[in-house]
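Here's the structure, in structure tokens; my notes come after.
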Amino acid sequence: PAAPRLPDTAALRARASSALRRCGARDLDTYADAAATGPTLPARTPLTGAALGHLPATTPGQAEAALAEAHRTFLTWRTVPAPVRGALVKRLGELLTAHQEDLADLVTIEAGKIRSEALGEVREMIDICDFAVGLSRQLYGRTIAGERPGHRLSETWHPLGVAGVISAFNFPVAVWSWNTAVALVCGDPVVWKPSELTPLTALACTALLARAAADTGAPAGVHHLLLGGREFGEMLADDPRVALVSATGSVRMGRQVAPRVAARFGRCLLELGGNNAAVVTPSADLDLTVRGIVFAAAGTAGQRCTTLRRLIVHEDVAEPLIERIVHAYGQLPLGDPFDAATLVGPLVDTAAGTAMAEALAAAQRDGGKLLAGGDRCLAAEAPEAAYVRPALVRMPAQTEIVRTETFAPILYVLTYRTLDEAIALHNGVPQGLSSSIFTRDQREAERFLAPDGSDCGIANVNIGTSGAEIGGAFGGEKETGGGRESGSDAWRAYMRRATNTVNYSADLPLAQGVNFL
Ligand code: NAD
């Protein structure tokens, strides 16, 4: 059932402008003459596919000045005690809490997320600020048992340098906050290059952080925004003043960024594409499994890095499970993401719609059978937008298209006979982000989590592949890039470790018993 009406572009523009104003950023009307002053960047909404306005893009000169100032700021920020740096992030968390509706509006307008998911994304920002504030008093090193008398061996964690953050369109604010809240308490100023598809959310976050800095007496130079295309991502990758490049996006992007950072021996934190699967065994609780699968596969219109893209089902339960998923897919309300009843909003742009149609055609060429969805909706109301029904495709084998991440709601179904076969299929893709098993059999669950089980950075039992909490380290293996962000000890990527040996004796014993002089 499609919602009959979509909001009009003028109303969305007004709503975006109010949210920006309340966050302390300039509203869209004030950029009317942007084109007269230099290069511009369009702000678009996937809800209608139309442009909301044109923003001034960062110039190369401004980007250079931003990097220089970020580096200068690092030289003082690194000596500010970590709990004092935490006060900045605490204030940021308060401002994000006060403006969660505004930010959620902008996330819906720019990324097309339904209301509850947009609010959930902002909630994640607040959670990571809380986490980082606690972390600011827990950047622990170790004291190590040394082998020499009269010596103390320990390690200290120091700020690393400027953190360059490259982010994707689909988590336009959460990924920034995961990086920024942690980088700031670790003593690293941030230079942010957001997706060119989501500049408005970036302006709002930047304004809120500037306010937090002013309110807490932190230097304004701890954060800089570069609005523009991938050339600014390339600049962050190449510039030796950027100690850490934290890049979230496609495998294609990571393949280009990582060698450039490596060429100058910089540090990279990569959060790239996923091709996440769930194994469903004969003992699975099917009610819970269907709910877990439908949210993970169709939620966010299939545009999460952790979206469920492959279902590996035991052949004994394949038929009843597929039947229930087809039924659930038929009930998913699609349309205006601001409408509280909507569960599936638009894809980010028509190019994503085309990529989905091409993937479905390839899957069918490989012998796949389309069981549900895949059709475009609301094309007459919004010809420049891409509303599509989530697709379910039964595949005879894990062909090349199944092994590829298509950033759209396509769930491929494969069947298996033995758990070994299921795990081999599961791991038989180049990506390694998130994974799940649905089972009530403890042996199967533990095998999936064992060293010869799922090869992903995230492995779940009886819960879908998407929707991670911030307390754990987030990231994946293989082509997903190996980076870890957010909770646990992910903060270590933002700091450098010094090993300290202090001799408080009057002797100079050498390590390993070496005699010299
Ligand atoms: P994208 O790769 O097109 O763009 C991501 C960012 O990289 C953008 O800011 C873009 O301007 C920049 N960029 C692109 N090419 C670059 C280059 N050569 N050098 C420097 N910067 C460059 O990705 P997208 O379409 O915005 O996002 C979707 C992708 O992101 C999916 O593959 C998804 O799985 C992935 N993603 C991963 C995670 C994760 O945590 N693993 C989270 C969100 C999204």
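Side-chain atoms are counted along with the backbone in the values below, which use heavy atoms only and exclude waters and symmetry mates. All ligand and atom numbering here is 1-based and tracks the order in the structure. Along the sequence shown, the residues carry numbers beginning at 1.
Phe407 has its side chain within reach of Arg309: a pair of non-hydrogen atoms, C-beta onward, lies under 4.5 Å apart.
Although no hydrogens or angles enter the test, the distance criterion places no donor-acceptor pair under 3.5 Å between the side chain of Asp366 and the main chain of Gly368. Between the side chain of Thr406 and the main chain of Ala408, no donor-acceptor pair closer than 3.5 Å is present. The main-chain N or O of Cys456 is found under 3.5 Å from a side-chain atom of Ser454 such that the two form a donor-acceptor pair.
Among residues two or more places apart in sequence or in another chain, the side chain to side chain donor-acceptor pair (under 3.5 Å) test is passed with Arg115 by Glu101, Asp105.
Protein neighbours of ligand 1 below 4.0 Å, counting non-hydrogen atoms: Ile166, Ser167, Ala168, Phe169, Asn170, Lys193, Pro194, Ser195, Glu196, Arg230, Gly233, Glu234, Thr248, Gly249, Ser250, Arg252, Met253, Gln256, Val257, Glu271, Leu272, Gly273, Gly274, Cys305, Glu405, Phe407, Leu433, Phe474.
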Point to revise | Steps toward ring pair (Phe, Tyr, Trp, His ring centres under 6.0 Å) verdict (His223, Trp176) | key: CA-CA 11 Å; His223 186 259; Trp176 169 75; 5.5 Å; yes

